[in-house]
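In what follows, a single structure is set out as structure tokens and then discussed.
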Amino acid sequence: MRLNLLLCTVAAVAVAGVTLVQAQVARPQTPAPQQQGPVEVEIDQGVIRPFQIAVAPFSGPNGSQVTTVIGDNLRRSGFFEPMNPSSFIETGLSLQNAPNFPQWTQIGAQAVLYGSVTPRADGRNDFGFRLYDPYRQCQLVSYNFTATPEQWRRISHKIADVVYQRMTGESGFFDSRILYVAESGTGLNRLSRLAIVDSDGADPQFLTDGNEIILTPRFSSKPDEIVYMALGKDYSRIYLYNLSTSRRESLGEFDGQAFGPRYSPDGTKVAFSIIRGGNTDVYVMDLRTRQLSRLTSDPGIDTSPSFSPDASRIVFNSDRSGTPRLYVMNADGSGQRPISRGGGSYTAPAWSPRGDLIAFTKSQGGRFATGVMNADGSGERQLSSSYFEEGPSWAPNGRYLMFARQTRGGDTNLWMVDLSGRVIAQSGYQGRGSDPAWSPLLADTPMQLGRAQGPDSCPS
Amino acid sequence: MIAARTLIRLTAVGLVVASMAACTRRPVTPAVPNTPPASDTGGPAYPTAPTGPIEGNAGGAAAAGSAQEFAINVGDRIYFDLDSYQVSPDAYPRLNAQAEWLQRYPQVMVRIEGNADERGTREYNLALAARRAESVRNYLIERGVSAGRIDTISFGKERPIALGSSEDSWARNRNGRTALVSGAY
């Protein structure tokens, strides 16, 4: 059974729960055309029962931790509900054997994941696993990662990605990291530091010492290259920073204050804004030649450029019409036209890595919302709203957005929402932070794991 | 909505007027440049705003031509209305005084810092606050300060001077500050 069909079926059955809060999520005006991928899970009503998956305890070194990380990842996605292990009838599953299917269907497991961590002669570990559908009694995927023992957490994310990919038909996002601005201190003595954390909130690390105010970090298409802005006491600068080599350099000195940097999809250019004489325009710099090109030249504010994934277009923010709206232009600055259609202020656009949607922050009537629209401005819908939230950043699979949400008079934290608006939760990292930027996948997930067969299909 | 905005604007104007009234009444305001606009008319009081009488003596007076004297006798910040970067008429007296002071001390170089409140997204606020800094710069140039002496920088919403999520705090955080960079005693 395909996962999207499953979810939709459940939604249709659950007619009783029509009063859920999620009912406020706006529907697209027309059903979104199916992309080549299968999943467009659009559920705004009803009690959703996520996919029941049994994650059996992995054996071997770090096995229980691997099990926990995988289960937590799958739960956070909103698509899966890892079952309570105390309900398991069959225990001691071994990679040498298939599960005893009736013992899993009896407890309602729609999928069974099990595996083991096995030390090898070369000092590395094998992380082997199998995923079965106990109802159709077929193996959905079987794979083995080999890595040094201390990489168990990373491998856990990759296993979770394989499961997510196999069950939903779209690529995963767990093997990724989040750049953010860590906030500490109180009141007017706030400390701001650039930080990075695993997608599930583990292992946060500071990358700057707090002498500068850090703003708007962003990843290149390579997960070890980033760009961010820093405010010193009397200066403002854009830095390029390589996380592997710790090499940090200024993007350059400009005739005017530069801010709002974003990489082009291939990482060879950075688009950003420069303020000259109080007017803000969008520029792009070729990182190899250091040649600067001006893309906008009207007297309004033009900022927050974000490339389409094919690099042909840029969405940006402009108030040339009076209020801030979203505009799209070709990558050379030609063909500038507004796309946002509603009232209120639209800012902070971010083009989806799938290319189909643009996320943004919208403020209207004293509240702030996170929404998405098609690249031509149609089909706008709101995914989340609160007293204050801003700056959505896309997960590498284009299914989730992370953004910063501030409570009135309180702290700012990182939140996550999925495209249906159904999964709204604080991100894995629960500390104070703003300006999240989601990395690409740290490495490609193996592609031969049944994706071409369609999601959740049994091999024929 | 319009009414609300007008109200906010009036509130902000009132605060600025009140703060200037407070300044003219007292030759020496507290030697903290970030003094909130105090209200003597029964409006909300800031916990940090001293209301008692203030005494001074020659020993404590700021040296003429110093950054301290500029902040105390002239005032380094002017305030802006919501979503606005126009210099409000209420700010003219202070900016006029800044221009006169700068002409008295022609070796002083300044940097205008533009600031925004927290009710906007980060990058748009940087651009908005830059317009405020430029408005102050242009005003000072019109009043005779040479353009080469005035630099600008936008801090967006990153350097608030007032805490809290209230209209009063937001009004105070929408400002342009004239910072003395060099040449002051």
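Per chain, numbering begins at 1; letters A, B, ... match sequence-line order.
With respect to R218(A) and E123(B), a salt bridge is recorded, a charged nitrogen being found less than 4.0 Å from a carboxylate O. Between E390(A) and K157(B), at least one side-chain N (NZ, or NE/NH1/NH2) sits under 4.0 Å from a carboxylate O, which counts as a salt bridge. Between R122(B) and D435(A) there is a salt bridge, with a side-chain nitrogen of the basic residue lying less than 4.0 Å from a carboxylate oxygen of the acidic one. For E134(B) and R131(B), the salt-bridge test fails: no basic side-chain N is under 4.0 Å from an acidic carboxylate O. Using a cut-off of 4.0 Å between Lys/Arg side-chain N and Asp/Glu carboxylate O, E183(A) and R193(A) are scored as not salt-bridged.
When heavy atoms are compared at a cutoff of 4.5 Å, S135(B) does not approach chain A at all. With a threshold of 4.5 angstrom between heavy atoms, S363(A) does not approach chain B through any atom at all. Both the backbone and the side chain of F155(B) come within less than 4.5 Å of a heavy atom of chain A. Only the side chain of F368(A) comes within less than 4.5 Å of a heavy atom in chain B; its backbone stays farther off. In this structure, the portions of R119(B) lying under 4.5 Å from any heavy atom of chain A include both its backbone and its side chain. For A127(B), the parts lying under 4.5 angstrom from a heavy atom of chain A are both the backbone and the side chain. There is no contact between D302(A) and chain B, counting heavy-atom distances below 4.5 Å. For I275(A), the part lying under 4.5 angstrom from a heavy atom of chain B is the side chain only. For chain B, the nearby parts of F388(A) are the backbone and the side chain; heavy atoms of each come within less than 4.5 Å. Heavy-atom distances place the side chain of I213(A), and not its backbone, under 4.5 Å from chain B.
Of the listed residues G260(A), G409(A), G277(A), A348(A), the one with more heavy-atom pairs under 4.5 angstrom with chain B than any other is G277(A). Contact count against chain A (heavy-atom pairs under 4.5 Å) is highest for E118(B) among E113(B), R132(B), E118(B). Each of S165(B), A133(B), P160(B) has some count of heavy-atom pairs under 4.5 Å with chain A, and the biggest count is that of S165(B). Contacts with chain B were tallied for T361(A), T280(A), D234(A); D234(A) has the most, counting heavy-atom pairs under 4.5 Å. With chain B as partner, the option from E389(A), Q257(A), R190(A) having the largest number of non-hydrogen pairs under 4.5 angstrom is Q257(A).
Of the listed residues (L292(A), V227(A), T303(A)), just one forms a side-chain contact (heavy atoms from CB on, under 4.5 Å) with F272(A), and that residue is L292(A). Exactly one of V417(A), L401(A), V372(A) qualifies for a side-chain contact (heavy atoms from CB on, under 4.5 Å) with P392(A). That residue is L401(A).
Using a 4.5 Å cut-off on side-chain heavy atoms (C-beta onward), V181(B) and D151(B) make no contact.
Taking the six-membered ring for Trp and the full ring otherwise, the centers of Y92(B) and Y139(B) sit less than 6.0 Å from each other.
Among residues 101-112 of chain B, the residues having any heavy atom closer than 4.5 Å to a heavy atom of chain A are, in sequence order, R111(B).
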*Given F219(A) and Y263(A), is the ring-ring contact (aromatic ring centres under 6.0 Å, His included) satisfied, shown in steps?*
CA-CA 7 Å; F219(A) 280 98; Y263(A) 275 101; 9.3 Å; no

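Taking the six-membered ring where tryptophan is involved, the planes of Y228(A) and Y241(A) are perpendicular, since the angle between them exceeds 60° and thus also 30°.
A cation-pi contact links R320(A) to Y327(A), judged by a cut-off of 6.0 Å to the six-membered ring centre and 45° from its axis.
Within the model, atoms CD of Q382(A) and NZ of K362(A) stand 7.5 Å from one another, a figure rounded to the nearest 0.5 Å.
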